[in-house]
Amino acid sequence: MRALLVKSYGDPTLAPSENGPLFVDEDHPRPRMVSNSSVRVRVAAASVNFATVLSIEGKYQEKPALPFTPGGDFSGAVIEVGDHVKRVKVGDHVCGVVDLGSYAEELVTDEKYLYKVPSGCDLIAAAGLPVAFGTSHVGLVHRANLRRGQVLLVLGAAGGVGLAAVQIGKLCGAIVIATARGSSKTSLLRSMGADLAVDSGTESLLKAVPAFLKSRKLSGVDVLYDPVGGKHFKEGLRLCCWGAQIIIVGFASGEIPSLPANIALVKNLTVHGLYWGSYKVHHPEVLETSLQQLIEMLADGSIQINVSHTYDLSEVNLAFSSIVQREVLGKVVVVFDGDKESKLGSERKSRL
């Protein structure tokens with residue numbers, strides 16, 4: 001089977017080759033079924049996340065031994081089940097998350113990490129559900145307890161977790177302010193329900209947001225959701241009202257900001273660091289409940305997964321480049337199943 005191997009830590013935007021950090025193995029061994037609860041999945045698509053980029057660079061919190069097949073969330077079809085498997089059956093369409101290994105034509109995981117993709121949903125787009133929507137759902141609902149009428153500010157909102165946060169914020173009844181760079185991104189944010197979309201490339205966050213808040217007679221931002229870091233975190237901090245909550249998801253800008261303790265004290269701020277994947281170890285029941293709720297939202301159309309581009313495994317470096325250069329509108333995925341409508345590097349206009 002085909003699989004992507006990380007042979008050495010390095011630049012994920014370099015084309016796969018025998019001498020580079022990435023290599024496409026055309027005859028990689030199939031993974032073994034390791035227990036009676038194992039399930040073999042033929043992978044249809046694997047989501048591309050910023051965490052995967054960091055993993056290949058050797059900069060992620062967890063550093064797997066070389067060589068390894070990267071990847072986290074995915075979608076596909078069940079092709080083999082262990083004797084004790086009850087959650088899924090052969091032929092079911094599923095999505096899920098693994099620690100490593102989704103950038104391959106097949107993977108084996110335990111049934112408890114799989115979720116059925118609702119009938120009629122785009123299987124390719126479903127690969128973008130677990131991590132992006134899971135992170136935002138746990139952050140906003142479980143950690144911040146976002147409530148109706150509160151003001152949510154989402155930084156870098158046109159990416160996977162950001163766009164998910166916008167939608168979940170609206171489902172919670174929040175007033176959603178979202179930032180992104182470029183008119184195409186802000187247009188997408190407005191179409192997803194953002195009450196205010198600020199073009200960070202041409203507009204001042206510290207002017208646009210206060211003007212909007214004043215027009216609505218609102219005192220400030222109640223929840224700041226930040227997957228970006230950098231200068232916009234510092235600006236967002238200034239917009240927070242007394243008692244606000246801050247959810248730190250990541251640092252896509254490459255700059256890890258600091259939070260002055262005196263501001264946290266004076267404003268009575270609550271800061272949540274959110275490493276979503278660690279819930280799998282410490283509180284797996286939270287992930288289980290969250291993902292089941294998201295699957296229900298997916299089934300009834302409450303959430304949409306916007307996939308802007310799809311790539312073949314041979315062009316995975318271009319997928320990583322789109323993440324590094326922050327060109328993504330929602331999600332980008334690597335496609336394995338030979339979907340004839342998904343050409344190499346093609347744009348996907350449809351939403352799930």
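Residues R190 and D195 are not paired through a salt bridge, judged by the lack of any N-O separation under 4.0 Å between the basic side chain and the carboxylate. Between R40 and E106, at least one side-chain nitrogen of the basic residue sits less than 4.0 Å from a carboxylate oxygen of the acidic one, meeting the salt-bridge criterion. With respect to E288 and R87, a salt bridge is recorded, a charged nitrogen being found less than 4.0 Å from a carboxylate O.
At a cut-off of 3.5 Å, with distance as the only test, no side-chain donor of S17 or N19 sits close to an acceptor on the other residue. A donor atom on one side chain and an acceptor atom on the other are found under 3.5 Å apart for D110 and S37. A donor atom on one side chain and an acceptor atom on the other are found under 3.5 Å apart for K331 and S47.
Contact detail for A174 and L146: the closest heavy-atom pair is CB-CD2, 3.8 Å. Shown here for A125 and I305, the closest heavy-atom pair between the two residues is O-CG2, 3.3 Å. Shown here for G201 and R181, the closest heavy-atom pair between the two residues is CA-NH1, 3.3 Å. Closest heavy-atom contact between I124 and A44: CD1-O, 4.0 Å. When all heavy atoms are compared, the tightest approach of H272 to A144 is NE2-CA, 4.4 Å. Of all heavy-atom pairs between K185 and V328, the closest is CE-O, 4.0 Å.
Ring geometry for Y311 against H309 counts as parallel: the plane angle stays under 30°, on a 0 to 90° scale with 60° as the upper cut. Aromatic ring pairs are classed by plane angle as parallel below 30°, tilted from 30° to 60° and perpendicular above 60°; the pair Y9 and F68 is tilted.
We find the CZ-CG distance between F233 and L155 to be 9.0 Å, quoted to the nearest 0.5 Å. Atom OG of S75 and atom CG of L123 lie 4.0 Å apart (nearest 0.5 Å). How far CD1 of I177 is from CG of L152: 8.5 Å, rounded to the nearest 0.5 Å. In this structure, OG on S184 lies 10.5 Å from CD on E327, to the nearest 0.5 angstrom. Expressed to the nearest 0.5 Å, how far CG of L294 lies from CZ of F133 amounts to 7.5 Å.
Side chain of S290 to main chain of H137: no donor-acceptor pair is present (N/O by atom type, distance under 3.5 Å, no hydrogens or angles). The backbone N or O of M192 lies less than 3.5 Å from no partner atom in the side chain of Q167, so there is not a single donor-acceptor pair.
Other residues, nucleotides and ligands contribute over 12 non-hydrogen atoms within 6.0 Å of the NZ atom of K280. With a 6.0 Å radius and a threshold of 12 heavy atoms from other residues, nucleotides or ligands, R238 has its CZ atom at or below the threshold. A 6.0 Å sphere centred on CD of E18 holds no more than 12 heavy atoms belonging to other residues, nucleotides or ligands.
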Show your working on side chain to side chain contact (heavy atoms under 4.5 Å, CB included) between D27 and R2 and close with a plain yes or no.
CA-CA 6 Å; D27 193 25; R2 299 176 77 210; over 6 Å; no

Kindly indicate, with the supporting measurements, whether the criterion side chain to side chain contact (heavy atoms under 4.5 Å, CB included) is fulfilled by V85 and N36.
CA-CA 7 Å; V85 171; N36 287 328; over 6 Å; no

Could you walk me through whether L298 and C121 pass the side chain to side chain contact (heavy atoms under 4.5 Å, CB included) check?
CA-CA 8 Å; L298 185 63; C121 291; 4.0 Å; yes

Worked verdict on S38 versus T109 for side chain to side chain contact (heavy atoms under 4.5 Å, CB included):
CA-CA 6 Å; S38 291; T109 188; over 6 Å; no

